Visitor: 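Quick one: this structure, given as structure tokens, is what I'll be asking you about.
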Amino acid sequence: MKLTKLTSAILLGATLLTGIVACSKQDNSTAQTSQTTSHKSTAAKSSDNSQSSQTSDSSTETTNSVKTEISKIKLSQQEAIDKFHSQFSGKQIKSIDLSLEGKQYVYEIEGFDSTHEYSAEINAETGHASSVHSERLDHDDRNEALNLDGIISRDEASVIAEEHAKGTSQEWKLDQKHGKTYWEVEVVNGHQSTEVKIDAHSKKILETEHDD
């Protein structure tokens, strides 16, 4: 009888010990899993923060680069028009484009008369005229002279475009269609580019086009 009780006690003790060891292993496994998950979560957050920082740095770098190039624009729009007229006296203005070519801004002005179309590129920093060109009008060509009376300036158009698109104005075009003069302003924010079309008289935004 005593032997039976002793055997039972030993078996019970062994069972309890086995259960304790199993629970201990399970707790250790759970703790390790929790630590691994925590490390992964921390690493993911760190990666997200790093990517966000890189995106912000890229956007700032682009903005600073654009502002540096804009500071080189010394020639006003009217001065550029005068340079065009010195090449093609008395011609009507069709469009005025101010865009970045390489590391410098260039005005491209197009004009016309009853028989020909004319164009000239004018360096916005030096005032030097290049790519001066004329060609005969086709019978199907329909040109409209820019109505420059009472229009908003390039700076005003930039403010409107930047408030709408949240970025920095980089390129501008003044054009006319169906009797309506309008600005097309390209706004950049990092790698994103947005073209904002603005009525040059009413200041109303006519169209917005995104280019990621």
Side-chain angles (χ1 to χ4, degrees), residues 59-112 117-133 143-211:
S59 177
T60 301
E61 183 178 348
T62 301
T63 299
N64 290 337
S65 177
V66 171
K67 288 181 177 179
T68 298
E69 302 307 327
I70 289 175
S71 67
K72 298 178 183 178
I73 299 175
K74 307 300 182 184
L75 210 66
S76 70
Q77 180 170 287
Q78 185 56 52
E79 288 172 326
I81 292 173
D82 292 341
K83 291 280 184 181
F84 175 83
H85 281 148
S86 70
Q87 298 290 330
F88 305 111
S89 178
K91 309 309 177 186
Q92 298 196 75
I93 302 295
K94 177 182 176 182
S95 66
I96 304 171
D97 194 327
L98 179 57
S99 58
L100 191 59
E101 295 188 7
K103 292 294 184 179
Q104 62 184 15
Y105 272 96
V106 174
Y107 285 98
E108 182 179 356
I109 301 181
E110 295 183 346
F112 65 96
E117 286 184 322
Y118 309 87
S119 65
E121 292 185 359
I122 302 162
N123 188 297
E125 183 176 8
T126 66
H128 175 69
S130 61
S131 300
V132 178
H133 179 71
N143 291 311
E144 289 188 53
L146 277 177
N147 177 12
L148 300 176
D149 294 335
I151 67 169
I152 60 175
S153 67
R154 174 169 60 85
D155 289 340
E156 289 178 284
S158 295
V159 170
I160 295 171
E162 289 172 6
E163 288 179 349
H164 181 71
K166 310 301 180 186
T168 303
S169 298
Q170 178 175 258
E171 296 187 346
W172 306 262
K173 184 173 184 179
L174 189 59
D175 207 343
Q176 182 160 308
K177 191 172 184 180
H178 303 312
K180 180 175 291 185
T181 306
Y182 59 87
W183 281 100
E184 286 182 354
V185 184
E186 181 184 354
V187 179
V188 293
N189 186 355
H191 295 294
Q192 185 181 52
S193 173
T194 304
E195 188 176 275
V196 183
K197 190 173 180 180
I198 305 165
D199 188 306
H201 287 97
S202 70
K203 305 181 184 181
K204 179 182 178 181
I205 294 175
L206 305 173
E207 188 178 323
T208 303
E209 184 177 335
H210 299 282
D211 183 17

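Since the model is a prediction, treat every value here as computed from it, not as a measurement.
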Visitor: Is the backbone of I152 close enough, under 3.5 Å, to the side chain of W183 for a donor and an acceptor to pair up by distance?
Guide: yes

Visitor: Strictly by modelled atom types, are T181 and Q176 linked by a side-chain donor-acceptor pair under 3.5 Å?
Guide: yes

Visitor: Search all heavy atoms of A200 against all heavy atoms of L174 and return the closest pair with its distance.
Guide: CB-CD1, 4.3 Å

Visitor: Is the closest side-chain heavy-atom distance between E117 and N143 below 4.5 Å?
Guide: yes

Visitor: List the atom of A124, the atom of L98, and the distance in Å for their closest heavy-atom pair.
Guide: CB-CD1, 4.1 Å

Visitor: Kindly indicate, with the supporting measurements, whether the criterion side-chain hydrogen bond (donor to acceptor under 3.5 Å, both in side chains) is fulfilled by H133 and S119.
Guide: CA-CA 5 Å; H133 179 71; S119 65; 5.6 Å; no

Visitor: Which heavy-atom pair separates D175 from L146 by the least distance, and what is that distance?
Guide: C-CD2, 3.4 Å

Visitor: Taking atom types as modelled, is there a side-chain donor on E186 or S193 under 3.5 Å from an acceptor on the other?
Guide: yes

Visitor: Which pairs pass side-chain hydrogen bond (donor to acceptor under 3.5 Å, both in side chains) with one or both residues in residues 99-108, sequence neighbours excluded?
Guide: Q104-N123

Visitor: Grab the two heavy atoms, one from I70 and one from S169, that are nearest each other, plus how far apart they are.
Guide: CD1-O, 3.3 Å

Visitor: Any donor and acceptor pair, going by atom type alone, linking the side chain of H201 with main-chain N or O of Y182 inside 3.5 Å?
Guide: no

Visitor: With a 4.5 Å heavy-atom cut-off, do I73 and R154 have their side chains touching?
Guide: yes

Visitor: Could you tell me which non-hydrogen atom of D97 sits nearest to which non-hydrogen atom of W172, and how far apart they are?
Guide: OD1-O, 3.3 Å

Visitor: Does K94 make a cation-pi contact with F112, if we ask for NZ or CZ under 6.0 Å from the ring centre and within 45° of the axis?
Guide: no

